[in-house]
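Naming: A, B, ... by sequence-line order, numbering from 1 per chain.
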There are 2 protein chains.
Amino acid sequence: MTPVAASPLTLKLSAFVALSEAELAVLARLHGRRRTFAAGRDMGHQGQPDQAAYILSSGWVCSYKIQPDGTRQIVDFQVPGDFLGLRSVLLRTSDHSFEPIGDIQAAEVLTSDLLEAFVQTPRLAMAILWAASRDEAMVVEHLVGIGRRDADARMAHFLLELGSRLALVGIGSKEGYDCPLTQYHLADALGLSAVHINRVLRQLRESGLVTFRDGRVTFDNYSGLVDFAEFDPAYLDQTGPLLK
Amino acid sequence: MTPVAASPLTLKLSAFVALSEAELAVLARLHGRRRTFAAGRDMGHQGQPDQAAYILSSGWVCSYKIQPDGTRQIVDFQVPGDFLGLRSVLLRTSDHSFEPIGDIQAAEVLTSDLLEAFVQTPRLAMAILWAASRDEAMVVEHLVGIGRRDADARMAHFLLELGSRLALVGIGSKEGYDCPLTQYHLADALGLSAVHINRVLRQLRESGLVTFRDGRVTFDNYSGLVDFAEFDPAYLDQTGPLLK
DNA sequence: CGAACGTTTGAGCATTTTCAAAGGTGGTGG
DNA sequence: CCACCACCTTTGAAAATGCTCAAACGTTCG
């Protein structure tokens, strides 16, 4: 037990690497600059200027791209314990926007702090890069889902993936989890219309697989849902390849 | 002029960073272990064992995931000058498979060589990481395309993106380029059926925008196609953010 | 109370898929 | 050298999946 309560990020990384006292301390220090963002207010990040990354500690965020015709595609969601804009900081590249879903709390991480932390604790750096690589794998899986799964399986897979991610930071289980997304968010993430999302959710509910209602996802039949979605969490699990 | 003819990778990186003699030399050395792979023969990389990355020097490769139900989603194509399996090497992670499209030539890059090169020439490392980040941006754009563009715009955008990538390594222009892909490859990449791919191609051809025939893409009306696809190459261009 | 937002449902329509079949091409072995 | 086979392209017709338009209902918030 460190003096500071375990942050979601700490929980997540600890699931894959045993972190030393020193590493935990550095990690805790990275959480120093607490900031709050209000629901819906876009967090800049479209253009170049503010080069900051964040560690999300509570609330959800989505990263998305708007197309010239006004439609939106959500690329990824960030849940507590996830980094936000890590690539922007490391490579001064920023191609999408971020929207807080509900009010959120995040720790601002300055480039200099991050680089310093990397130098002090290379193993921590490795763990963070690994987390980034996991995010990339999720984007790939998302691509596969949109390209090759029908609407029902897409939704089922998506809800399962979110469940796994949340379970890792202690705010979800095989029973279900709280989920602040609207059906519009789901539509923009899954490449479907909001109307169709509604029908898909009804279908899954009536099949006795999952229920999404009043901000809560309930797995009515977890293993049945896993079968239906052909959900294979291998891409989320990749255990310990970084322990060189 | 170095004694060695400029490789596609050198061409690509040079478009973004002015490389020194020393850096060019290191880059040339990375191209030492030439290997050939035959068309269609899968390049392993599904499981864990062989931890090698490649620099593609001629021919095309696609990286894909197969789903339990047998359908395939192509995540990305690699063209000359692209890295292959870079992430697998750095993070011992490998989630998709590679298929050479036609016979290919690639330089095998051992983890040790790569790390050594990174230590010797940090600027080169930065350039390579930047290229990796660009690949990631392409995957994101691919996701957006599948999620939010209809079949015609999707195809148009895809052909334009490939054109830009090839132009950068000197084997394509606004006139067109040679393209070894079959309509099945296009289908698996764009998340459409092969039959529909054929109809879409006909439609684009009859609109006088692009022609894809006999292994060649011809831009019949480049700017018209750009308009139609709403193609904005910003995500490919990100010039020089890495020159700290 | 009204406004804004999110959910739910119906009906008709559009895009894309599936199934089926035919034609072209290149390579290989007899 | 020809025949055959595998692979790719092309087309039609029917079916399915998901979309758009439209409208109603519920909730929250000021």
Between CD of Q203(A) and P of dT8(C) the distance, given in whole Å, is 15 Å

Exactly one of E99(A), Q67(A), K65(A) clears side chain to side chain contact (heavy atoms under 4.5 Å, CB included) with R72(A), and that residue is E99(A)

Electrostatic pair E230(B)-R149(B), nearest N-O below 4.0 angstrom | no

So, do F77(A) and L181(A) sit near enough that their side-chain heavy atoms are less than 4.5 Å apart? yes

Here the pair of heavy atoms bringing L192(A) nearest to A151(A) is CD1-CB, 3.8 Å

Between the protein and nucleotides 22-28 of chain C, are there any N/O to N/O pairs under 3.5 Å, and if so, what are the atom names and distances?
none

Rounded to whole Å, CZ of R148(B) lies from P of dT15(C) at a distance of 16 Å

Within residues 211-221 of chain A, those residues having any heavy atom closer than 4.0 Å to DNA chain D are none

Overall bend of the helix from dC1(C)-dG30(D) to dG30(C)-dC1(D) (five pairs an end, 10° steps) is 40°

Taking S57(B) for its side chain and Q105(B) for its backbone only, find out whether a donor-acceptor pair lies under 3.5 Å.
yes

TODO: For V210(B) and F228(B), run side chain to side chain contact (heavy atoms under 4.5 Å, CB included): C-alpha distance rounded to whole Å, both residues' side-chain angles, the deciding distance at 0.1 Å, then the answer.
DONE: CA-CA 11 Å; V210(B) 233; F228(B) 177 74; over 6 Å; no

- Message: A side-chain contact here means heavy atoms from C-beta on lying under 4.5 Å apart; do L201(B) and R213(B) qualify?
- Response: no

Worked verdict on L162(A) versus V217(A) for side chain to side chain contact (heavy atoms under 4.5 Å, CB included):
CA-CA 10 Å; L162(A) 268 182; V217(A) 172; over 6 Å; no

Rounded to whole Å, the CG-C1' distance (D152(B) to dT15(C)) equals 10 Å

Ordered by number, residues from residues 181-195 of chain A within less than 4.0 Å of DNA chain D (heavy atoms) are G191(A), L192(A), S193(A), V195(A)

5'-most to 3'-most nt of DNA chain D touching chain A (<4.0 Å, heavy-atom partner on protein side) reads dG18(D) to dC21(D)

R154(B) atom CZ is separated from dT15(C) atom P, nearest whole Å, by 13 Å

Quiz prompt | Flag, side chain of Y177(B) to backbone of S164(B), donor-acceptor distance under 3.5 Å | solution = no

Quiz item: Does L186(B) reach the side chain of F212(B), with side-chain heavy atoms less than 4.5 Å apart?
Solution: yes

Derivation and outcome, ring-ring contact (aromatic ring centres under 6.0 Å, His included), residues F37(B) and F98(B): CA-CA 11 Å; F37(B) 293 89; F98(B) 297 99; over 10 Å; no

Q. Does the side chain of D178(B) come within less than 4.5 Å of I171(B)'s, by heavy atoms?
A. no

Whole-Å distance, H196(A) NE2 to dT15(C) C1', equals 13 Å

Take Q73(B) and I146(B) through the side chain to side chain contact (heavy atoms under 4.5 Å, CB included) test and state the conclusion after the steps. CA-CA 11 Å; Q73(B) 176 64 50; I146(B) 293 185; 3.7 Å; yes

Tell me whether D76(A) is salt-bridged to R165(A), with the criterion being a basic N under 4.0 Å from an acidic carboxylate O. yes

Would R205(A) and D220(A) pass as an ion pair if we require N to O under 4.0 Å?
no

Sorted by chain and residue number, the ring pair (Phe, Tyr, Trp, His ring centres under 6.0 Å) partners of F231(A) (sequence neighbours excluded) come out as H157(A)

For R202(B), answer base if it contacts any base atom (sugar-phosphate contacts may also be present), sugar-phosphate if it contacts only those atoms, and nothing otherwise; contact means non-hydrogen atoms under 4.0 Å. sugar-phosphate

Between CG of D150(B) and P of dT17(C) the distance, given in whole Å, is 12 Å

